[in-house]
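Okay, structure first, notes after.
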Amino acid sequence: MFEILKKRTIGPAVYHYDVSAPDIAKKAKPGQFLILRLSEKGERIPLTICDYDKEAGTVSIMFQAVGKTTRELSLMEEGDTLLDMVGPLGRPSEIEEIGTVICVAGGVGAAVILPIAKALKAAGNEVITILGARTAELLVLEEELKRASDDFIITTDDGSRGICGVCTHPLKEIIESGKKVDRVIAIGPAIMMKFVCRATEPFAVETIVSLNSIMVDGTGMCGSCRVTVGGETRFCCVDGPDFDGHKVDFDELMTRQRIYNDEEKVAIERFEHECAGGCGYGGGQK
Ligand code: FAD
Ligand code: FES
Ligand code: MG
């Protein structure tokens, strides 16, 4: 169980794995996530189920190696197994025929938005995708997102690909052009989702965001993932991760995302030090 069947490097420190997980694949829906552990003493981290194949019994995850656990995960190879994976968790994204939907993805938010975009198109919607990144080499899942969309726009902050600037520029242009937009779905760094919501609010375009708060158990028990939505406390793992972006307190979310920064820094330094000394990392149990 949980064997890594296929490993692909798809960007700088961005990896795509197909993992054997028949029970999760059977029940997975777009917008849901799983929580995995690499070892008995390892922490639990949430990752979106970015694709699934019920027949093959596989789920795909895409992640950026940003700290200790994702770095450790990135060192695993095909044939290695993850210690455990729990899922599918969270409420699936609402998929219905509503008309025109603009999907805005920033960075690895592309992994989260891909199954949603595919499902929305299959449900008969016009799907316009805006994929944004700081620079061209950080654009991921470009071909897959293009295939899932009727219109596809790229933005890079430095202008190395597509439109120069942030993803809110083309978004505003489309909305201001008078085109009827029925929903915007924004997934990426919290700051990007905050600005997408600011851009759509004056036009009263429904805007759904997928929140990435810190999670531990993923089942509504520990409270670590709490967010404020419409002045009420909600648990991202069981009430979300999708929420009405116009009601989310993004500043609180961003503050809470940083609360373990000191511990995370120590953990990655210790891990890199162990690896430099020859950590002999051979992946999980075979
Ligand atoms: P650390 O150095 O420990 O942390 C780096 C930063 O990641 C932290 O500052 C914090 O903001 C965040 N983080 C740390 N621990 C957690 C945690 N337990 N839960 C949530 N965030 C954490 N990332 C992807 O690359 N691909 C995905 O598909 C993806 N899907 C996600 C889906 C959900 C529902 C959530 C909540 C997060 C998702 N993330 C995804 C973020 C991913 O969980 C973090 O990048 C990862 O936990 C970082 O762990 P680390 O030990 O490598 O880094
Ligand atoms: Fe513990 Fe949501 S992760 S309550
Ligand atoms: Mg960590």
Side-chain angles (χ1 to χ4, degrees), residues 9-17 19 28-39 41-52 59-76 85-93 105-116 133 138 140-141 144 187-191 193 208-227 229 233-243 248 250 252-272 275:
T9 303
I10 59 170
V14 182
Y15 304 87
H16 185 286
Y17 289 1
V19 182
K29 295 209 171 89
Q32 291 188 296
F33 63 94
L34 47 80
I35 287 194
L36 60 81
R37 261 193 326 161
L38 303 183
S39 60
K41 290 190 177 166
E43 66 177 344
R44 298 158 62 82
I45 63 158
L47 293 176
T48 299
I49 302 169
C50 77
D51 207 352
Y52 47 86
V59 294
S60 305
I61 50 174
M62 193 189 94
F63 63 94
Q64 187 165 25
V66 291
K68 195 253 176 188
T69 304
T70 46
R71 170 96 176 94
E72 196 175 348
L73 181 59
S74 75
L75 296 179
M76 295 179 79
M85 243 165 52
V86 185
L89 298 169
R91 297 161 82 98
S93 298
V108 287
V112 189
I113 229 161
L114 178 61
I116 300 172
L138 298 176
V140 292
L141 297 180
E144 290 87 343
I187 308 182
I191 189 75
M193 294 191 282
I208 304 296
V209 292
S210 176
L211 300 185
N212 46 357
S213 58
I214 291 188
M215 293 188 181
V216 180
D217 67 314
T219 60
M221 304 287 284
C222 70
S224 67
C225 68
R226 67 180 182 274
V227 287
V229 183
T233 297
R234 308 293 300 274
F235 291 155
C236 192
C237 65
V238 287
D239 299 322
D242 292 0
F243 291 100
V248 171
F250 283 103
E252 180 198 55
L253 171 71
M254 288 187 274
T255 303
R256 287 186 57 76
Q257 282 176 332
R258 290 191 292 264
I259 52 181
Y260 297 114
N261 275 7
D262 291 345
E263 289 81 357
E264 287 156 357
K265 196 162 168 270
V266 171
I268 187 67
E269 280 170 4
R270 196 178 293 156
F271 182 72
E272 300 290 1
C275 279

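Numbering of ligands and ligand atoms starts at 1, following listing order.
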Next on the checklist: Within the 4.5 Å heavy-atom criterion, are N212 and P241 side-chain neighbours or not?
Outcome noted: no
Item to check | Sub-4.0 Å atoms of ligand 1 with respect to non-hydrogen atoms of I45 | outcome: 47 (O), 49 (O)
Item to check | Donor-acceptor contact present, side-chain Y260 to main-chain I214, <3.5 Å | outcome: no
Item to check | Working for side-chain contact (heavy atoms from CB on, under 4.5 Å), residues F250 and V209 | outcome: CA-CA 11 Å; F250 283 103; V209 292; 4.1 Å; yes
Next on the checklist: Taking the side chain as everything from C-beta on, heavy atoms only, tell me whether R256 gets closer than 4.5 Å to R226.
Outcome noted: yes
Checklist entry - Does the N or O separation between V108 and ligand 1 drop below 3.5 Å for any pair? => result no
Checklist outcome for this item: Among P189, P46, C50, S224, closest by heavy atom to atom 42 (C) of ligand 1 is P46
Checklist entry - When you look for heavy atoms under 4.0 Å from ligand 1, do you find them on the side chain of R258, its backbone, both, or neither? => result neither
Checklist entry - If you count the atoms of ligand 1 from 1 in the order shown, which ones are under 4.0 Å from a heavy atom of Q64? => result 25 (O)
Item to check | Closest to atom 2 (O) of ligand 1 (judged by heavy-atom distance), picking from M62, E264, K265 | outcome: E264
Next on the checklist: Would E43 count as being in polar contact with ligand 1, using the rule that some N or O on each side must be under 3.5 angstrom apart?
Outcome noted: yes
Item to check | Non-hydrogen protein atom less than 4.0 angstrom from atom 4 (O) of ligand 1 | outcome: yes
Item to check | Residue and atom name of the nearest protein heavy atom (relative to atom 10 (C) of ligand 1), distance in Å to one decimal | outcome: Q257 O, 3.5 Å
Item to check | Residue R44 vicinity, atoms of ligand 1 by number, heavy atom under 4.0 Å | outcome: 18 (N)
Checklist entry - Does the side chain of K68 come within less than 4.5 Å of R71's, by heavy atoms? => result no
Checklist entry - Is the backbone N or O of V14 less than 3.5 Å from a side-chain atom of Q64, with the two atoms forming a donor-acceptor pair by type? => result no
Item to check | Student check: side-chain heavy atoms of Q32 and P115 closer than 4.5 Å | outcome: no
Next on the checklist: Between L38 and M76, is there a side-chain heavy-atom distance shorter than 4.5 Å?
Outcome noted: yes
Checklist entry - Distance below 4.0 Å between atom 44 (C) of ligand 1 and any protein heavy atom? => result no
Next on the checklist: To the nearest 0.5 Å, what is the distance between CD1 on I116 and CD1 on I187?
Outcome noted: 4.0 Å
Checklist entry - Do D242 and R91 have side chains that get closer than 4.5 Å, going by heavy atoms? => result no
Checklist entry - Are any of the side-chain heavy atoms of V59 and M85 separated by less than 4.5 Å? => result yes
Checklist entry - Hey, does M215 have a side-chain heavy atom less than 4.5 Å from the side chain of C236? => result yes
Checklist entry - If waters are left out, how many protein N/O/S atoms lie within less than 2.8 Å of atom 2 (Fe) of ligand 2? => result 2
Checklist entry - Is there a protein heavy atom less than 4.0 Å away from atom 12 (C) of ligand 1? => result no
Next on the checklist: Considering I61, I35, I214, D217 one by one, which has a heavy atom nearer to atom 21 (N) of ligand 1 than any of the others?
Outcome noted: I214
Checklist entry - How many protein N, O or S atoms are found at a distance of less than 2.8 Å from the Mg ion (ligand 3)? => result 1
Checklist entry - Out of G31, S213, G107, whose heavy atom is nearest to atom 20 (C) of ligand 1? => result S213
Item to check | Subset of ligand 1 atoms that lie under 4.0 Å from at least one heavy atom of F63 | outcome: 24 (C), 25 (O), 26 (N)
Checklist entry - Under 3.5 Å, is there a donor-acceptor pair between the side chain of R44 and the main chain of V216? => result yes
Checklist entry - When you look for heavy atoms under 4.0 Å from ligand 1, do you find them on the side chain of N261, its backbone, both, or neither? => result side chain
Next on the checklist: Against ligand 1, does I268 come closer than 4.0 Å with any heavy atom?
Outcome noted: no
Checklist entry - Where do L73 and Y17 land on the side-chain contact (heavy atoms from CB on, under 4.5 Å) test, with the steps shown first? => result CA-CA 10 Å; L73 181 59; Y17 289 1; 3.9 Å; yes
